[in-house]
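What follows is a set of notes on a single structure, which appears directly below.
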Amino acid sequence: MTYYSEIVHKANKQKSKVYRGTQCSKCPSKLLCTKGNARQIHVENRTHLRTQIRKLLDSPEGKKIYRLRQQIIEPIFGNIKHNLKYTMLHLRTLEKVNAEWQLICLTHNIKKIWKVKYPFNMK
């Protein structure tokens with residue numbers, strides 16, 4: 001495969017390089033590989049960073065750190081997103097977003113206090 005072009009994805013504004021096959025028309029496995037004229041592969045420019053992070057997370061020290069993160073912060077975000085059904089912020093500008101996020105966190109903390117004070121009244 002040879003380098004063909006570089007594109008910018010509309011959704012996440014990330015650049016990726018496009019590689020296109022040169023011998024696809026002669027290949028006996030072409031129908032298994034692609035329906036087009038030639039096979040294309042998109043490789044994001046951040047691929048090396050993902051590989052680096054994956055190595056870190058797969059190391060014993062990385063697993064220990066990630067396990068601690070799952071105990072400390074992940075359940076809170078999971079509760080806010082899943083149980084409170086708050087998957088996106090609705091306001092614009094940094095000041096309004098900060099106020100909205102503080103209200104979300106306040107709601108989470110009040111529910112925790114309520115649960116401790118009145119453990120049998122939660123639905």
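The analysis underlying the following values was restricted to heavy atoms, covering all of them including side chains, and did not include hydrogens, waters or symmetry mates.
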- prompt: So Q40 and H42, side chain to side chain contact (heavy atoms under 4.5 Å, CB included) or not? Walk me through it.
  reply: CA-CA 7 Å; Q40 283 188 351; H42 296 254; 3.9 Å; yes
query: Between K111 and L84, is a side chain to side chain contact (heavy atoms under 4.5 Å, CB included) present by the stated rule, with each step listed?
result: CA-CA 11 Å; K111 283 184 80 169; L84 299 181; 3.7 Å; yes
message: I need the minimum non-hydrogen distance between R39 and M1, along with the two atoms involved.
response: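 Reported closest heavy-atom pair: O-CE, 3.2 Å.
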- request: With sequence neighbours excluded, tell me which residues meet side chain to side chain contact (heavy atoms under 4.5 Å, CB included) with L49.
  value: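 Partners of L49 under the side chain to side chain contact (heavy atoms under 4.5 Å, CB included) test: R46, Q52.
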query: Taking only residues two or more places apart in sequence, or in another chain, which ones meet E6 in a side-chain hydrogen bond (donor to acceptor under 3.5 Å, both in side chains)?
result: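 side-chain hydrogen bond (donor to acceptor under 3.5 Å, both in side chains) check on E6 returns nothing, list empty.
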I'd like a table of donor-acceptor pairs (distance under 3.5 Å, sequence neighbours excluded) in which one partner is a side-chain atom from residues 91-108, with atom names and distances.
from : atom 1 : to   : atom 2 : distance (Å)
N98  : ND2    : L94  : O      : 3.3
E100 : OE1    : H90  : N      : 3.1
E100 : OE1    : L91  : N      : 3.1
E100 : OE2    : Y86  : OH     : 2.5
E100 : OE2    : H90  : N      : 3.0
T107 : OG1    : L103 : O      : 2.8
H108 : ND1    : N79  : ND2    : 2.9

- prompt: Sequence neighbours excluded, which residues qualify as salt bridge (charged side-chain N to carboxylate O under 4.0 Å, His left out) partners of R67?
  reply: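 Salt bridge (charged side-chain N to carboxylate O under 4.0 Å, His left out) list for R67, sorted by chain: empty.
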query: When you look at CG of N45, are more than 12 heavy atoms from neighbouring residues, nucleotides or ligands closer to it than 6.0 Å?
result: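 Counting neighbours around CG of N45, more than 12 heavy atoms of other residues, nucleotides or ligands fall under 6.0 Å, so yes.
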task: Working to the nearest 0.5 Å, report the span between CD1 of I7 and CD of E44.
output: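 Going from CD1 on I7 over to CD on E44, the span is 9.5 Å.
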Check: residues 15-33 side-chain donor-acceptor pairs under 3.5 Å, at least two apart:
from : atom 1 : to  : atom 2 : distance (Å)
S16  : OG     : H9  : NE2    : 2.9
R20  : NH1    : Y4  : OH     : 3.4
K30  : NZ     : G36 : O      : 3.0

query: With clusters built from Ile, Leu, Val, Met, Phe, Trp and Tyr whose side-chain heavy atoms come within less than 4.5 Å, directly or transitively, what are the remaining members of the cluster of L57, listed by chain and number?
result: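 Traced through the cluster, L57 reaches I53, Y66.
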